[in-house]
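Heavy-atom basis, side chains included; hydrogens, waters and symmetry copies ignored. Chain letters run A, B, ... following the sequence lines, proteins first and then strands; every chain starts at 1.
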Number of protein chains: 2
Amino acid sequence: MDEQATIQGEEHGRLIYDVFARNCPSRETWGHLTGRWGTLALLALGEGSYRFNALRRKVDGVSEKMLAQTLQALERDGMIHREAQHTIPPRVEYSLTPLGREAARRLLGLIEWLEEEMPRVVEARGRYDQAKNDA
Amino acid sequence: MDEQATIQGEEHGRLIYDVFARNCPSRETWGHLTGRWGTLALLALGEGSYRFNALRRKVDGVSEKMLAQTLQALERDGMIHREAQHTIPPRVEYSLTPLGREAARRLLGLIEWLEEEMPRVVEARGRYDQAKNDA
DNA sequence: CGGGATCCTTTAGGATACTG
DNA sequence: CAGTATCCTAAAGGATCCCG
């Protein structure tokens, strides 16, 4: 082996990505958190609670259908709290649960790191494309 | 507003998720990192370097096509290093770059957190489904 | 206003066969 | 062995209409 420490996560003696690969419930939730609209919805709600259409305006580009679907999935996972008033017209407020708040915090951490590193990524892309052209 | 601190990320004075929403390069890389196979490939390579087919066996369930596609995207983003020996038969080793190693570490952190919280998620799902049935 | 239902398009992903 | 190319299916996603 090499001296460089390997990056491993253990969970009950098994490598976590093995657990993660097959174990469906966490895979599904992972998809909800990191999916195209899930992350955006969580980050938006990290700012405060919003009603459906306000949220839709914040998560720019999302369709009604996808926003509803995304919110339902995250509500079911316990990340989002949904408060409905049965009035006409209806009024529904979405907010983060403590669990969702923690998820949003961690996702934001990853995204901020990525944003910081983007110059490196862009540079790597340039080198990669250059090498392709030379071939 | 509420007393609870909001979760915000700032970058040049703009909310980071606004930047993130439109700014394509980081969105694309985010997809590569969090996509179905990207995360798995990064975590597998966190253990050490692997050749194509060995990696394919580790990232169980991935097709040749998707693994090739995933590795190329991450190589282009500077996350993965590809070392080819032009022999017959060919021999290609994949490993993480320092950037990729950091990405893998952070992704693993998020996944480990999620695994820890899964009981809470499962419980929330139970409550959600129960409430649906009552309606 | 907050969705559900429906229909349609686009993309992700897989199986297979082939090549250096 | 490490891919590429081709073809196909399944799933994500979007537009529209409708209702309480």
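Nucleotides of DNA chain D nearest to B:Arg91 and A:Val62 differ in position, and the one nearer the 5' end is that of B:Arg91. Mapped onto DNA chain C by nearest heavy atom, B:Gly61 and A:Ala54 fall at different nucleotides, with A:Ala54 at the one closer to the 5' end.
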- So A:Glu47 and A:Lys58, salt bridge (Lys or Arg N to Asp or Glu O under 4.0 Å) or not? Walk me through it. CA-CA 11 Å; A:Glu47 276 191 355; A:Lys58 278 214 89 61; 3.7 Å; yes

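Atom-to-atom, CZ of B:Arg36 to C1' of D:dA12 comes out at 13 Å; the value is rounded to the nearest Å. In this structure, A:Arg57 places its CZ atom 7 Å from P of C:dC1, rounding to the nearest Å. Protein atom NZ of A:Lys65 is 8 Å distant from nucleotide atom C1' of D:dA12, rounded to whole Å. Atom NE2 in A:His32 sits roughly 14 Å away from atom P in D:dA11 (whole-Å rounding). In this structure, CZ of B:Arg51 is placed 10 Å from P of D:dG3, rounded to the nearest angstrom. Look at CH2 on B:Trp37: it is 10 Å from C1' on C:dG14, rounded to the nearest Å. The CD-P distance, from B:Gln72 to D:dT4, rounds to 5 Å in whole Å. Rounded to whole Å, the distance from CG on B:Leu67 to P on D:dC1 is 14 Å.
For B:Glu75 and A:Arg125, the salt-bridge test fails: no basic side-chain N is under 4.0 Å from an acidic carboxylate O. We find that A:Glu117 and B:Arg106 are not joined by a salt bridge, their nearest charged nitrogen and carboxylate oxygen being 4.0 Å or further apart.
The side chain of A:Pro90 approaches C:dG2 more closely than any other nucleotide in the set D:dG3, D:dA2, C:dG2. The side chain of A:Val92 lies closest to C:dG3, out of C:dC1, C:dG3, C:dA17. Distances from the side chain of A:Met66 to the nucleotides D:dC1, D:dG13, C:dG13 place D:dG13 closest.
Looking only at distances, a side-chain donor or acceptor of A:Thr97 sits under 3.5 Å from a matching main-chain atom of A:Gly78. Not a single donor-acceptor pair under 3.5 Å links the side chain of B:Ser26 to the backbone N or O of A:Glu115.
Side-chain nitrogen and oxygen atoms of A:Arg56 include none within less than 4.0 Å of the OP1 or OP2 phosphate oxygen of D:dG14. OP1 or OP2 of C:dG3 has at least one side-chain nitrogen or oxygen of A:Tyr94 nearer than 4.0 Å.
Using a 4.0 Å heavy-atom cutoff across all strands shown, B:Gln69 reaches no nucleic acid atom at all.
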